Protein chains: 2
Amino acid sequence: MTLIQQVTERVRGEGGRMTGQRRLILEALENLSGHPTAEEIYARVRKEDAEINLSTVYRTLRWLEESGFVAPRWFEDDHRRERFDAAGSSDDHFHFRCRTCNQIIEFDDPNLEIVKQAFETQYLAEVENITLVLYGLCARCKIQPNQAQGA
Amino acid sequence: MTLIQQVTERVRGEGGRMTGQRRLILEALENLSGHPTAEEIYARVRKEDAEINLSTVYRTLRWLEESGFVAPRWFEDDHRRERFDAAGSSDDHFHFRCRTCNQIIEFDDPNLEIVKQAFETQYLAEVENITLVLYGLCARCKIQPNQAQGA
DNA sequence: CAGCTTATTGCGAATTATTTGCAAATGGCA
DNA sequence: TGCCATTTGCAAATAATTCGCAATAAGCTG
Ligand SMILES: [Mn+2]
Ligand SMILES: [Mn+2]
Ligand SMILES: [Zn+2]
Ligand SMILES: [Zn+2]
């Protein structure tokens with residue numbers, strides 16, 4: 001089932017409406033690679049609907065966030081800009097961000113489970129969530145002096 | 001050698017001046033526990049010097065940041081507020097933040113070195129920096145319904 | 001299909017954290 | 001003590017995101 005279908009089902013179930021704007025924003029989320037900002041989503045959606053407003057984009061993203069369809073992310077390089085992860089909040093994974101081309105690579109690693117458990121045991125704490133970001137140079141930028149992309 | 005002495009040495013070496021404001025901000029950094037915000041440092045410093053301006057605090061923190069004496073940190077709970085880590089940029093460590101009392105625990109774990117190397121090998125990338133934050137409940141908040149502190 | 005109800009949108013103004021320009025103040029050497 | 005470049009205080013600027021509200025439009029219902 002596609003993202004739009006899932007969201008439609010959800011919104012209808014709670015007496016909400018599936019509007020053209022919401023459909024366009026969902027399409028943008030599916031098609032834009034990486035972790036786009038609200039502005040990037042706005043720019044994309046604007047191609048189809050020149051009248052859409054940036055605040056609608058924000059509002060829709062917040063609403064998708066509440067339902068767990070997108071997850072907010074911040075990276076240190078541009079820490080003020082919120083980015084939106086279409087992977088949603090249930091699928092947890094970690095990120096690598098290239099300092100040169102700003103590319104983001106998603107990955108997972110079973111060692112984090114060990115780190116988590118070690119911490120919980122030592123501090124008698126309960127870890128609910130893990131944010132791990134590696135910063136550095138991707139394979140391409142390591143050799144080739146590359147032009148920056150994105151933010 | 002104390003932080004103030006280190007910074008004095010550095011600033012004098014580059015033709016700068018060690019002002020009363022800078023001294024107070026450094027004292028605040030040494031005395032405030034955790035990872036204070038600019039406002040928190042400002043509030044503390046204001047007790048000694050009622051005339052000091054918030055922009056001086058920011059400017060001084062940025063300057064300390066450039067020299068590696070403090071490191072900026074952002075936590076997801078209040079992601080817009082920059083926090084300042086007096087540990088500096090050379091000492092790398094990771095953080096746990098309690099969702100209830102906002103306490104921050106610093107820790108290290110050799111497994112992160114393994115995660116880093118595994119990533120580098122798999123993606124032929126070069127990792128320069130690692131940010132890891134665990135979110136959850138500290139030992140105290142796990143049992144006792146606690147009142148929030150800080151931001 | 002037209003009318004109705006109310007969820008959603010567009011718009012502009014507000015908010016919040018941080019930065020900046022500039023004239024006045026002051027640290028520290030002579 | 002005087003000089004002058006470095007810092008400061010202040011007020012205004014920035015930038016990302018949010019909010020209030022009147023206008024619009026989903027999606028029933030008849
Ligand atoms: Mn992701
Ligand atoms: Mn720290
Ligand atoms: Zn790259
Ligand atoms: Zn706690």
Side-chain angles (χ1 to χ4, degrees), chain A residues 4 7-26 28 35-43 45-46 48-67 70-84 150-151, chain B residues 4 7-26 28 35-43 45-46 48-67 70-84 150-151:
Chain A
I4 298 191
V7 174
T8 303
E9 203 161 281
R10 158 82 58 134
V11 71
R12 305 274 43 256
E14 50 191 35
R17 295 166 188 180
M18 180 48 54
T19 66
Q21 291 92 326
R22 286 179 173 176
R23 253 186 294 267
L24 286 171
I25 291 164
L26 288 165
H35 298 67
T37 63
E39 286 280 1
E40 285 163 356
I41 293 164
Y42 176 57
V45 158
R46 233 164 166 349
E48 306 288 317
D49 173 3
E51 302 305 306
I52 198 170
N53 194 276
L54 180 57
S55 64
T56 300
V57 173
Y58 273 108
R59 264 187 304 232
T60 302
L61 288 167
R62 292 281 163 256
W63 169 75
L64 291 170
E65 199 180 313
E66 273 169 37
S67 318
V70 303
R73 311 269 182 224
W74 293 270
F75 298 98
E76 298 191 1
D77 306 293
D78 60 345
H79 56 88
R80 305 177 120 119
R81 267 198 167 68
E82 186 169 4
R83 291 178 171 276
F84 297 88
Chain B
I4 299 190
V7 174
T8 304
E9 204 160 279
R10 157 81 57 131
V11 71
R12 305 273 45 256
E14 51 190 38
R17 294 165 189 181
M18 181 47 53
T19 66
Q21 291 93 327
R22 285 177 174 178
R23 254 186 293 270
L24 287 172
I25 290 164
L26 287 165
H35 298 68
T37 63
E39 286 278 1
E40 284 164 356
I41 293 164
Y42 176 58
V45 158
R46 232 162 165 350
E48 306 288 318
D49 173 3
E51 302 304 306
I52 197 170
N53 195 277
L54 180 57
S55 64
T56 300
V57 174
Y58 272 109
R59 264 187 303 234
T60 302
L61 289 167
R62 292 279 165 256
W63 168 75
L64 292 169
E65 199 181 313
E66 273 169 35
S67 317
V70 303
R73 312 268 181 225
W74 293 270
F75 298 98
E76 298 191 2
D77 307 289
D78 59 345
H79 57 88
R80 302 176 123 122
R81 267 199 166 67
E82 186 169 4
R83 292 178 172 276
F84 296 89

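Throughout, protein chains are lettered first and strands after them, A, B, ... in sequence-line order, and every chain is numbered starting at 1. The shown structure was predicted, so the numbers you read here are calculated from the model rather than taken from an experiment.
- Shown here for F84(B) and A38(B), the closest heavy-atom pair between the two residues is CE1-N, 3.8 Å.
- With rounding to whole Å, L61(A) atom CG is found 15 Å from dT8(C) atom C1'.
- When all heavy atoms of W63(B) and V11(B) are compared, the closest pair comes out as CZ2-CG2, 3.5 Å.
- The minimum heavy-atom distance between I25(B) and T56(B), with the atom names listed, is CD1-O, 4.1 Å.
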### Query
Could you write nucleotides 4-14 of chain D as a row of B, S and -, 5' to 3', where a protein heavy atom under 4.0 Å of any base atom gives B, of only sugar-phosphate atoms gives S, and otherwise -?
-BBSBBB----
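- Across the protein-nucleic acid pair, I41(A) atom CD1 and dT17(D) atom C1' stand 14 Å apart, rounded to whole Å.
- In this structure, H79(B) atom NE2 and dA15(D) atom C1' are separated by 14 Å, rounded to whole Å.
- Taking the charged nitrogens against the carboxylate oxygens, R83(B) and E40(B) do have a contact shorter than 4.0 Å, which makes a salt bridge.
- Considering only side-chain N and O atoms, R81(B) lies under 4.0 angstrom from the phosphate OP1 or OP2 of dA17(C).
- The interatomic distance linking L24(A) (CG) with dA26(D) (C1') rounds to 15 Å, in whole Å.
- Between Y58(A) atom OH and dT16(C) atom C1' the separation is 13 Å, expressed in whole Å.
- Put simply, OH on Y42(A) is 14 Å from P on dT9(C), counting in whole angstrom units.
- Contact detail for L61(A) and V70(A): the closest heavy-atom pair is O-CG2, 3.7 Å.
- Taking every heavy atom of both residues into account, R81(B) and W74(B) meet most closely at O-CD1, 3.7 Å.
- Between R12(B) and the phosphate of dC29(C), there is a side-chain N or O to OP1/OP2 separation shorter than 4.0 Å.
- A straight line from CD of E14(A) to C1' of dT8(C) spans 13 Å, rounded to a whole angstrom.
- One interatomic measurement links the two molecules: CD of E82(A) to C1' of dT16(C), which rounds to 15 Å at whole-angstrom precision.
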